[in-house]
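Notes to accompany the following structure.
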Amino acid sequence: MKKQQTSESAKNLEKMLAVSPYNQLALSGVGPIKDVKIFDTTLRDGEQAPGIALSREDKVRIAIALDDLGVDILEGGFAASGEGEKEILTKLMKSDLDAKVCSLARCVISDIDAVLSTGVGMVHTFIATSDLHMQYKLKMTPEQVKEKAVEIVEYAKAHGLEVQFSCEDATRSDLNFMKDVLKGVQEAGVDSINIPDTVGVITPRAMGYLIGELKKTVKVPLSVHCHNDMGLAVANSIAAIDAGATICHVCMNGIGERTGNAALEEVAVNLFANYGIQTVDMSKIGPTSKLVERITGFNLAGNKPIVGRNAFAHESGIHVHGVMANSLTYEPFKPEMVGENRAIVIGKHSGAHSIQGRLDALGIAFPEEHLPDLLSTIKKIAIGGKMIDDAELLVIVDNLLWKRNTKGTMVTLDELTVLTGKNTTSTAVVTVTIAGSGKRTAAETGVGPVDAAINAIKKAINDKLTMEEYKLSAITGKSDSICEVTVMVKNVQNDGALAVGKAVGLDIVETSVDAMMCAINRDFARQRNA
Ligand code: KIV
Ligand code: ZN
């Protein structure tokens, strides 16, 4: 599937990005990187992340999605860890996947037997080669470690398995000892060799050096497995590929032990955008990431590269203006390239361009002369960091359009104080100014803060004023949603007339009072507009 995509749509994909031209210049010293295989370990190392536990069905669903994305090798689990794990591996084996299914195994005969019992054709076997691990964890001498590694590779090969061998904690292992072990496992017939940065401690330049050194000894394909403890997993993976590794271990969404593994989506995008190597079907990255996020329950940070909810979200006026003219001004590539969508967020940094762009996208013809009003209403609502979604924007617009026919303000609310609490009678004090008749202050109680505030306004304006209808709705159903209040009042000016008022805002009491003041002013405007 992804191979078809390579020739046909790679050119279209290239039009979707604008990365640094220096990337290509820097590559001139590097030998041609033709093909990189994606070894996905979402279901093994990824599942080892604290808090993730996948059922059999979950694993199969993720495996099918990763296969559809186009990964080359799927490390489906660790056969020796239990019957359930073996069943999953057997199930994956029978799921007609294009990817090669692989199981992890320690350098232990019974682990290889467990792999063989599942029917999978590939094993990833590992033993630690650093002094720290050999001395404190394995309690084995370097000679014993080498002997075990060679014995297990021979055993697995003799039983027909494709074998990848890992020197666990390679980046803290003695280079000469590692070369010695790797010579041994090559002679035993290993198919590929993996270099794990088990606790994420190497730098990209050092990783390049290490791979370069190992290439002098290793004649089979070299693989890399990077953890993100110091935030360099993807950079180290790319550095290893740059230096000649041709297999890259990754996890979708960067999940994995502790701070995770190199993120599949970040490695794939970097290889494509900066090296011109297409490893997976790029357009399926977003949907696959969301599926893994949903099933694992491991929520992505908003600022997660490529797939975080802010990866293609723009709020500030300058950026939105640029993006609307040409999205590549403030995006390295178009979200469609990875199956994602752009979001123009309306918030406190929004400028007229963002709002106009959103209105256009929603098909709303909003009078240009009222745009400053809309902008200031939005800023007022969003000042505390609230983001305004489309439904909320529609209500704000509707409210402003509805109000625009009311000319002038006869009654202004100067002050409002509301006292409320548990086992307290809600009490409100208001001061209003009525044009031509001066200031009035009134205090009233109510069954709650809204009722108290409205009663106080009624008292200040006219005792005969009645509330005929009161409607409150939260627009998004979230606790920080904008609310919309509609009121219908009678007798503002003692003539039995009805007046409707509406308001939108974040605070229910304030918005109710605004709606009430809107109705009162509309009633006064009746005569003025007539
Ligand atoms: O991080 C690591 O070293 C591993 C090994 C099992 C290869 O995951
Ligand atoms: Zn690992």
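Just so you know, these numbers come straight off a predicted model, no measurement behind them. Each ligand, and each atom within it, is numbered from 1 in the order the structure gives.
Of all the listed residues (His249, His225, Glu168, Glu257), His225 holds the heavy atom that lies closest to atom 4 (C) of ligand 1.
Heavy-atom neighbours of Phe177 CZ from other residues, nucleotides or ligands within 6.0 Å: above the threshold of 12. Around NZ of Lys91, the count of heavy atoms belonging to other residues, nucleotides or ligands within 6.0 Å does not exceed 12.
Between His349 and His319, the distance separating the two ring centers is not shorter than 6.0 angstrom.
Contacts of Thr198 with ligand 1, taken as heavy-atom pairs under 4.0 Å, involve both backbone and side chain. For Arg44, every heavy-atom contact with ligand 1 shorter than 4.0 Å involves the side chain, none the backbone.
Close N/O approach between His227 and ligand 1 is found [any backbone or side-chain N/O within under 3.5 Å]. Annotation: Asp169 places no N or O atom under 3.5 Å from an N or O atom of ligand 1; distance criterion only.
When hydrogens are left out, the protein atom nearest atom 7 (C) of ligand 1 is His124 CE1, 3.6 Å; that is the closest non-hydrogen contact.
Between the side chains of Ser166 and His124, a donor-acceptor pair is found at a separation under 3.5 Å.
To the nearest 0.5 Å, atoms OG1 (Thr129) and CE (Met140) are separated by 11.5 Å.
Near-neighbour remark for the Zn ion (ligand 2): protein N, O or S atoms under 2.8 Å are Asp45 OD2, His225 NE2, His227 NE2; waters not counted.
Of the possible polar contacts, none joining the Asp45 side chain to the Gly256 backbone as a donor-acceptor pair under 3.5 Å is found.
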Could you walk me through whether Lys304 and Glu266 satisfy the salt bridge (charged side-chain N to carboxylate O under 4.0 Å, His left out) test, starting with their C-alpha distance in whole Å, then the side-chain angles of each, then the deciding distance to 0.1 Å, before giving a yes or no?
CA-CA 10 Å; Lys304 166 85 185 61; Glu266 294 174 31; 2.3 Å; yes

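In plain terms, the two heavy atoms of Leu300 and Glu293 that are nearest each other are N-OE2, 2.9 Å.
Between Glu336 and Arg342, some side-chain heavy-atom pair lies under the 4.5 Å cut-off.
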